[in-house]
Amino acid sequence: MALRVYNTLTGEKEVFVPLTPGKVGMYVCGVTVYDYCHIGHARAGVAFDIIFRYLKYAGYDVTYVRNYTDIDDKIINRANQEGTDYRTIADRYIQAFDEDMDRLGLARPTIEPKATDHIGGIISIIEALVAKGHAYASEGDVYYAVETFPDYLKLSGRNLEEMQAGARVEVGDKKQHPMDFALWKGSKPGEPWWQSPWGNGRPGWHIECSAMSMEFLGKTFDIHGGGKDLVFPHHENEIAQSEAANGCQFVRYWLHNGFVNINAEKMSKSLGNFFTIREVLKTYDPETLRFFILSAHYRSPIDFSDQNLDEAQSGLERMYSCLAALDEILIGEPPSSKISVIETLTQVGLELQEKADQFIPRFVDAMDDDFNAAQALGVLFETVRATNRFLAETREITSVALSLIAHVRHLFVEAGSVLGLFMTPPATWLEGIKSAKTGQIDITPDEIERLIAERAEARAAKNFKRGDEIRDLLLAKGILLLDSAQGTSWNVK
RNA sequence: GGCGCGUUAUCCAAGAGGCUAGGAGCCGGUCUGCAAAACCGUUAACGUCGGUUCGAAUCCGACACGCGCCUCCA
């Protein structure tokens, strides 16, 4: 099966055929750096991170460009509020963005350009558009004349008349047509500016992405991504600018991720229902957040709630616990290359072997189907169950069993490298979850240990009443006791 | 008003004409002094009404409900 991707331009899943065999050029709209990123940004980041990783896994040489919009009204407003300059604001939030995305385990794109480093390229495109009659200067601004581009709105499937009937477009007297959009904005006093043929000013929002993608990926490239909310006007305008300037197709496959919702409503600043990534990471582990995002298809809306995050954590713990159990065996007994011919697997072992054999084909099938990570996770869970069954019934680890265990462990590493999971040694991750939970309870580990010791004495003396009292006492504080042959350990509920 | 998307069991969530998705939970079991945890097993569904078909969650139509874009947005 070949890789198929859903293309917003055609509204269909299409077989992915890159422009140049073996190579992929991919551009994703990054963020406007004027504030901390919220969970919606995390989702877009993770969605395109696994697309980037999977394309590389599939053997493509991928050039992935993700920009920073570091000049914009919002950045200037924020700078004015704080009595500083736009550069200070932009640099601060670029750094914050990098920190957040690094914590989420995003692979760094090949190139991360800033709009302000590409003013020259932006001006060249605007000049070309003016020369070809697609743009006009007006009182220090330059606008794109949408009526000169017959394909305008082909991505979002609308038409100009209907858009105007919507009546929320403002009619500025600087514009020839109400839908015309700014390519260049003349600077007002106190605003940052660059020199241009039309006077001092700064670029409009849409033109920077055309300039940066063209600079690094050429006039036509394979994949352009972003959130669904960018389809109109941002991506529509990018197409108009780029195709009018270059006279050729801009992007072959348009990919858009779905929103993060709160109570079935879009998370957004204007509704005030957003959570920043750093807020959420105070409570939840970054890999848990990533796992939550991967648990739904990237185009579907996903509902952010404590319950859903808790479920994601349970699921990830199940996987990590299984891996920790495998590691314990593998660390104790390194796999030997000699397998005795008389050794055979039990029925459960054979079932695990079958799961292992199907693992990569099924994983690839899922990911080939428009990067269906949720389905891929299903494959991992099925393998976890088969592994647990095998470990539960296996008394003696033969060398053939050991080699199977090593193989299964490797499969999880391989899938994890595409999904961005299992980046932490399992024992360390599980310990981290435990200590994070410990920070939220009002009893010290020392106290817990003292009570466990007292309970052990009571139990040794067959005083189960006192033992159970202690257990209930700790349970009331959210501490679960785990009795085993090796003694009693504890965990936070 | 225009355009588009969605509705799958208690909850989350894949699937897209015949093939057990998966996870959480419930229930049962293993283990245990009893529990818990862990593990194993099990359970159940395709919004409504029509149509196409030997066969429909899946295709077509209507309806209902929810959501998104049309303004800065990931």
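These values consider heavy atoms only, across backbone and side chains, with no hydrogens, waters or symmetry-generated copies. Keep in mind that this is a model prediction, so the values were computed, not measured. In the text below, chain A, chain B and the rest are named by the order of the sequence lines, each starting its count at 1.
- Inspection of the A:Glu265 and A:Asn273 side chains reveals no N or O donor paired with an N or O acceptor under 3.5 Å.
- When distances run from any side-chain atom of A:Met267 to the nucleotides B:rC34, B:rA74, B:rA16, the shortest one goes to B:rA74.
- Judged by a 6.0 Å distance limit and a 45° cone about the ring axis, A:Arg66 is not positioned over the six-membered ring of A:Phe48.
- Looking at A:Asp72 and A:Tyr86, their side chains never bring a donor and an acceptor atom within 3.5 Å of each other.
- The P atoms of B:rA9 and B:rC3 are separated by 30 Å, rounded to the nearest whole Å.
- Of the charged side-chain nitrogens involved, none lies within less than 4.0 Å of a carboxylate oxygen, so that A:Arg158 and A:Glu236 do not count as a salt-bridged pair.
- A:Val260 comes within 4.0 angstrom of a base, heavy atoms only.
- Dashed line: the shortest gap from a side-chain N or O of A:Asn372 to OP1 or OP2 of B:rG15 is under 4.0 Å.
- Among the protein residues, A:Leu481 comes within range of the nucleic acid bases, having at least one heavy atom under 4.0 Å from a base atom.
- Counting distance only, with no hydrogens placed and no angle test, the side-chain atoms of A:Asn261 and the base atoms of B:rG66 include no donor-acceptor pair under 3.5 Å.
- Listed pair A:Lys266 / B:rC69 meets the phosphate criterion, a side-chain N or O lying under 4.0 Å from OP1 or OP2.
- Residue A:Gly467 is classed as having no contact, given no heavy-atom separation below 4.0 Å to the nucleic acid.
- Donor-acceptor pairing under 3.5 Å is lacking for the side chains of A:Tyr93 and A:Asp70.
- Across all strands shown, A:Ser300 has heavy atoms under 4.0 Å from sugar-phosphate atoms exclusively, and none from any base.
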Next item on the list: Sugar-phosphate atoms are those with a prime plus P, OP1 and OP2; base atoms are the rest. Using that split, label each nucleotide of nucleotides 18-24 of chain B B, S or - for protein heavy atoms under 4.0 Å, 5' to 3'.
Entry: ---BSBS

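- Using a 4.0 Å heavy-atom cutoff across all strands shown, A:Leu482 reaches at least one base atom of the nucleic acid.
- One can find a donor-acceptor pair under 3.5 Å joining the base of B:rA35 and the side-chain atoms of A:Arg471.
- With both pairing distances under 3.5 Å, B:rA62 is matched to B:rU48 as a Watson-Crick or G-U wobble pair.
- Between A:Phe221 and A:Phe250, the ring center distance clears the sub-6.0 Å criterion.
- Among the heavy atoms of the strands lying under 4.0 Å from A:Phe464 is at least one base atom, whether or not backbone atoms are also near.
- Here, B:rA14 and B:rG22 have their P atoms 15 Å apart, quoted to the whole Å.
- When heavy atoms are screened at a 4.0 angstrom cut-off, A:Lys74 is found touching base atoms of the nucleic acid.
- Side-chain atoms of A:Asn388 stay outside donor-acceptor range of the base of B:rA38, with no qualifying N/O pair under 3.5 Å.
- At a threshold of 4.0 angstrom between heavy atoms, the contacts of A:Asp483 include nucleobase atoms, whether or not backbone atoms are also involved.
- If you take atom C1' in B:rG66 and the same atom in B:rU71, they sit 23 Å apart, rounded to whole Å.
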Next item on the list: Could you run through nucleotides 2-10 of chain B and give me one letter per nucleotide, 5' to 3': B if any protein heavy atom sits under 4.0 Å from the base, S if only the sugar-phosphate is that close, - if neither?
Entry: BS-------

